[in-house]
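The structure appears below as structure tokens.
Residue numbering restarts at 1 for every chain, and letters A, B, ... go by the order of the sequence lines.
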There are 2 protein chains.
Amino acid sequence: MAKYKKSERQEILLERINDDPFLTDEKLAEIFGVSIQTIRLDRLELAIPELRARIKNVATEEVDKIKSLSLQEVTGEIIDIELNSQALSLFIIEEGHVFERNQIARGHFLFAQANSLCVAVINEPLALTKSADIEFKRQAKLHDKVISKAVVNNMDNNNASITVESKVEGRLIFKGQFEMYYSNEGDNNG
Amino acid sequence: MAKYKKSERQEILLERINDDPFLTDEKLAEIFGVSIQTIRLDRLELAIPELRARIKNVATEEVDKIKSLSLQEVTGEIIDIELNSQALSLFIIEEGHVFERNQIARGHFLFAQANSLCVAVINEPLALTKSADIEFKRQAKLHDKVISKAVVNNMDNNNASITVESKVEGRLIFKGQFEMYYSNEGDNNG
DNA sequence: CCTCATTTAGTAGTTGGTACTAAAATCAGT
DNA sequence: ACTGATTTTAGTACCAACTACTAAATGAGG
């Protein structure tokens, strides 16, 4: 039972409650080997609401989270963008993205990162993937930080050609050639 | 303040709690113009859990939803499989999978379905996508039921060649040629 | 009027807290 | 080693929203 100092404990407390909001003060006190009062003080200082309020929050924060998780977390985070020219994104491989057996990232998450980046780099209301030619060069593993770079080769006549390369620590793991269709009419029917 | 008889009240109570689980016994008592005890008796007879339990249920359901959407629902559901030969899967396009603006499915979800199917159809401990050649023929829209069919063309020397076609109501929307690497050593390092 | 069902009242106990006071333990600096 | 501040515990009173129980009041029908 390693004893933390106050600041450490509070940091960890935040994380703990963040990924399991269903923990009572009593259980937290056990976890940290301190009294309930200490936990209460910590929550007070960190402005963490009580169990019931936390549960209620989870219950009321409806579909928003689902959307953001299913969309954003798959996509990666865009870290640099020059519209119609090039873009960079970061995608960190997490538990949900790998095969349990060997911790290797499922290919379609790497594709998703690249594809999303292609959609993002095109500065038009509508951008759809028409076709792609992709190669998985090396395996990405759990916790890898995948940096994806998209470069627009040419854009004309509502068609864009984009090359994407994804790397982990400088080593190429994925390469793709994307052909995109774009249009300035966003809500077109096709 | 119309007075109901017991059976009526209980019926309405069920509905009420169903579409707003956040009602306390006190508020329900006001709504029906009866005492709290009556409401409690009703809940007892109808086996409706108390407020906090209801909220907790909602919260845990949401958490489950998020998990399943972010992990499994991307893949689709396998509806038929003949190992090392062919497989079918169903993927229903939901809110999280489409562009908000025009309700068109993001390409990488269709790819994910196809890719997952390729991994599934190969009956080996390790199956990884090496490369793919894909085409998005038509747009898939919100609530579309996408049926994906993977056919293994040949398998030898740890390489498999698979053709995937995805259709919505019989119309081809996606086509892909996948080259997979497989091995019987599941937890190999690459 | 009697009787059975229904409703209401009231008490004790529970969980998971807040808000507060005060004592004890720990640590940090001189 | 001593002092003063910080941190941790302990303890009390109180709250919401209950459960579980007992008991009384009210209805409604034969």
Side-chain angles (χ1 to χ4, degrees), chain A residues 1-69 95, chain B residues 1-70:
Chain A
M1 199 175 285
K3 287 261 170 179
Y4 303 103
K5 55 178 66 168
K6 196 182 174 184
S7 55
E8 285 176 317
R9 189 189 55 232
Q10 292 195 344
E11 228 178 295
I12 302 171
L13 188 76
L14 253 173
E15 286 173 34
R16 279 299 197 125
I17 292 183
N18 229 5
D19 67 48
D20 183 5
F22 297 80
L23 289 165
T24 61
D25 287 358
E26 202 181 357
K27 274 176 201 156
L28 287 164
E30 276 174 41
I31 289 170
F32 289 100
V34 296
S35 70
I36 288 190
Q37 270 71 3
T38 303
I39 297 293
R40 308 244 222 248
L41 267 177
D42 286 348
R43 275 200 303 101
L44 198 74
E45 286 174 21
L46 299 170
I48 298 171
E50 64 163 293
L51 174 72
R52 283 125 161 187
R54 295 197 301 267
I55 292 180
K56 200 171 178 180
N57 286 344
V58 174
T60 42
E61 284 166 23
E62 328 137 284
V63 198
D64 291 353
K65 263 195 184 167
I66 297 173
K67 270 189 187 166
S68 72
L69 232 173
E95 312 282 337
Chain B
M1 198 172 285
K3 288 262 170 180
Y4 303 100
K5 56 178 65 167
K6 194 180 176 184
S7 55
E8 285 176 317
R9 191 188 54 232
Q10 292 195 344
E11 227 178 296
I12 301 170
L13 188 76
L14 252 173
E15 287 173 33
R16 280 295 197 130
I17 291 182
N18 230 5
D19 66 48
D20 183 6
F22 296 80
L23 289 165
T24 61
D25 287 358
E26 202 181 356
K27 274 176 198 156
L28 287 164
E30 277 174 40
I31 289 171
F32 290 100
V34 297
S35 71
I36 288 190
Q37 269 72 5
T38 303
I39 297 292
R40 308 243 222 249
L41 268 177
D42 285 348
R43 277 201 301 100
L44 198 74
E45 286 175 20
L46 299 169
I48 299 172
E50 64 163 295
L51 174 71
R52 283 129 163 184
R54 294 196 303 265
I55 292 180
K56 197 170 179 180
N57 287 343
V58 174
T60 42
E61 276 169 31
E62 299 268 313
V63 172
D64 288 350
K65 259 192 199 169
I66 292 170
K67 274 189 188 160
S68 70
L69 229 175
S70 71

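Taking the side chain as every heavy atom from C-beta outward, A:F32 and A:D42 never approach each other to under 4.5 Å. For the pair A:E11 and A:Y4, the minimum side-chain heavy-atom distance is 4.5 Å or more.
Atom-to-atom, CD1 of B:I39 to P of D:dT19 comes out at 12 Å; the value is rounded to the nearest Å. Here the P atom of nucleotide D:dA17 and the CD1 atom of B:I36 are 10 Å apart, to the nearest Å. At whole-Å resolution of the value, NZ in A:K5 and C1' in D:dT6 are 13 Å apart. The interatomic distance linking A:L51 (CG) with D:dA16 (C1') rounds to 14 Å, in whole Å. Separating the CG atom of B:L23 from the C1' atom of D:dA17 is a distance of 14 Å, rounded to the nearest angstrom. When rounded to the nearest whole Å, the span between CG of B:L44 and P of D:dC21 equals 10 Å. Whole-Å rounding puts the B:F22 CZ to D:dA17 P distance at 13 Å. The distance between atom CG of A:D25 and atom P of D:dT9, rounded to the nearest whole Å, is 14 Å.
Other residues, nucleotides and ligands place more than 12 heavy atoms under 6.0 Å from the CD atom of A:E8.
Nucleic acid contact for B:R54: none, since no nucleic acid atom lies under 4.0 Å from a heavy atom of the residue.
Below the 3.5 angstrom threshold, one finds no donor paired with an acceptor across the side chain of A:R52 and the base of D:dA17.
Note: A:L14 CG to A:Q10 CD = 8.0 Å, rounded to the nearest 0.5 Å.
Contact annotation: A:S35 does not reach the phosphate of D:dT8 (side-chain N/O to OP1 or OP2, under 4.0 Å).
Checked options A:L23, A:L28, A:T24; the residue passing with A:I39 is A:L28 (criterion: side chain to side chain contact (heavy atoms under 4.5 Å, CB included)).
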| said: Please evaluate residues A:L51 and A:D25 with respect to the criterion side chain to side chain contact (heavy atoms under 4.5 Å, CB included), reporting the C-alpha separation (whole Å), side-chain torsions for both, the decisive distance (0.1 Å), and the verdict. | reply: CA-CA 8 Å; A:L51 174 72; A:D25 287 358; over 6 Å; no
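Once you apply a 4.0 Å limit to the heavy atoms of chain A, the touched nucleotides of DNA chain C run 5' to 3' over C:dT15 to C:dT18.
Nearer the 5' end of DNA chain D, as judged by each residue's closest nucleotide, is the contact made by A:L41, out of A:Q37 and A:L41.
One N or O on the side chain of B:R54 and one on the backbone of B:P49 form a donor-acceptor pair closer than 3.5 Å.
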